[in-house]
Amino acid sequence: MGSTEIASDIVRRWLALALETITAHEDELGRLDAAAGDGDHGATMVRGLRAAVAAADKASGSAGHLLAEAGAAFADASGGASGALVGALLSTTGRTLGDGPYNTPAVVAALQAGLKMVMRLGKAQPGDKTLIDALQPFVDTLAAQPLDLPLAEAWWAALPAARQGAEATSAMIARRGRSAKLGERSLGHADPGATSIFYLLQAMDDALGTPSA
Ligand code: ADP
Ligand code: MG
């Protein structure tokens with residue numbers, strides 16, 4: 001990302017695309033959550049993203065600031081375990097990015113801070129069948145890209161790790177959150193939160209303008 005204005009535009013475009021894709025998958029996310037949870041995950045994500053889009057439209061300033069505002073609005077509006085955690089992911093990432101620069105190493109560091117915050121708040125470890133299982137492989141793979149690679153290319157290279165991470169949750173038994181109570185019933189279904197995280201990361205790939213499918 002070149003100028004800070006372009007970065008703010010990308011955050012707004014990302015939120016709009018994220019709302020679009022999560023809305024398109026709302027029923028699927030609800031069904032995944034119904035396997036061992038309460039079925040509200042799709043609706044929760046849509047509600048949070050609507051509020052996030054509105055907050056970013058209203059806010060002005062740097063991309064980091066917009067993201068932090070969007071995260072706070074997401075957490076307020078969506079409720080549920082995922083609301084607090086995804087909200088914290090966005091706000092911590094945004095706060096760490098601050099006023100830039102928004103190059104690949106800075107975005108890696110900001111996402112690492114966001115991931116750490118989610119793990120601290122939710123106390124989930126990799127393999128517990130949560131959104132961590134999509135987020136952590138993505139962040140690790142992004143961090144392994146050459147530092148001078150433009151963000152759009154690095155993101156595109158890391159995105160398959162998020163998809164594979166989300167898909168791999170099908171074979172896991174839930175050990176955190178609401179679905180841990182009926183953990184065995186989650187077997188054979190992907191974790192809804194991990195699936196959402198993949199869609200959010202894919203929407204950013206589109207917002208950054210890479211030629212991925
Ligand atoms: P709720 O469980 O309150 O109904 P949602 O259905 O919106 O919330 O979200 C469920 C998702 O939240 C799960 O699929 C999982 O990915 C994520 N989640 C739940 N608890 C945790 C946790 N402790 N750490 C990380 N992610 C979690
Ligand atoms: Mg739920």
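Counting convention: from 1, in listed order, for ligands and their atoms alike. Note that the coordinates shown come from a computational prediction; the quantities given were computed from them, not determined experimentally.
R47 places a side-chain N or O within 3.5 Å of a backbone atom of S78 that can act as its donor or acceptor partner. No donor-acceptor pair closer than 3.5 Å links the side chain of R175 to the backbone N or O of A180.
Under the 4.5 Å side-chain criterion, counting only non-hydrogen atoms from C-beta, L208 is not in contact with W156.
Between L66 and G61, the closest heavy-atom pair is CG-O, 4.2 Å.
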Please tabulate, one line per pair, the protein N or O atoms found under 3.5 Å from any N or O atom of ligand 1, giving the distance to one decimal.
residue, atom, partner, partner atom, Å
ligand 1, 3 (O), A81, N, 2.9
ligand 1, 3 (O), R178, NH2, 3.2
ligand 1, 4 (O), D38, OD1, 3.1
ligand 1, 4 (O), D38, OD2, 3.1
ligand 1, 4 (O), D40, OD1, 3.0
ligand 1, 4 (O), D40, OD2, 3.4
ligand 1, 4 (O), R178, NE, 3.0
ligand 1, 6 (O), D33, OD2, 3.0
ligand 1, 6 (O), D40, OD1, 2.9
ligand 1, 7 (O), H41, ND1, 3.0
ligand 1, 7 (O), S82, OG, 2.5
ligand 1, 9 (O), H41, ND1, 3.2
ligand 1, 9 (O), S82, OG, 3.3
ligand 1, 14 (O), D191, OD1, 2.5
ligand 1, 14 (O), D191, OD2, 3.1
ligand 1, 14 (O), G193, N, 3.0
ligand 1, 16 (O), L131, N, 2.9
ligand 1, 16 (O), D191, OD2, 2.6
ligand 1, 23 (N), G122, O, 2.8

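For D99 and S62, the side-chain atoms include at least one donor-acceptor pair closer than 3.5 Å. In this structure, a donor-acceptor pair under 3.5 Å is absent between the side chains of H189 and S170. Judged purely by distance below 3.5 Å, without hydrogens or angles, the side chains of E20 and Y199 never pair a donor atom with an acceptor atom.
Note that CG of D33 is 7.0 Å distant from OG of S179, once rounded to the nearest 0.5 Å.
The Mg ion (ligand 2) has D33 OD2, D38 OD1, D40 OD1 as its protein N, O or S neighbours under 2.8 Å.
Just one residue in the list L17, I197, L159 forms a side chain to side chain contact (heavy atoms under 4.5 Å, CB included) with Q202, and that residue is L159.
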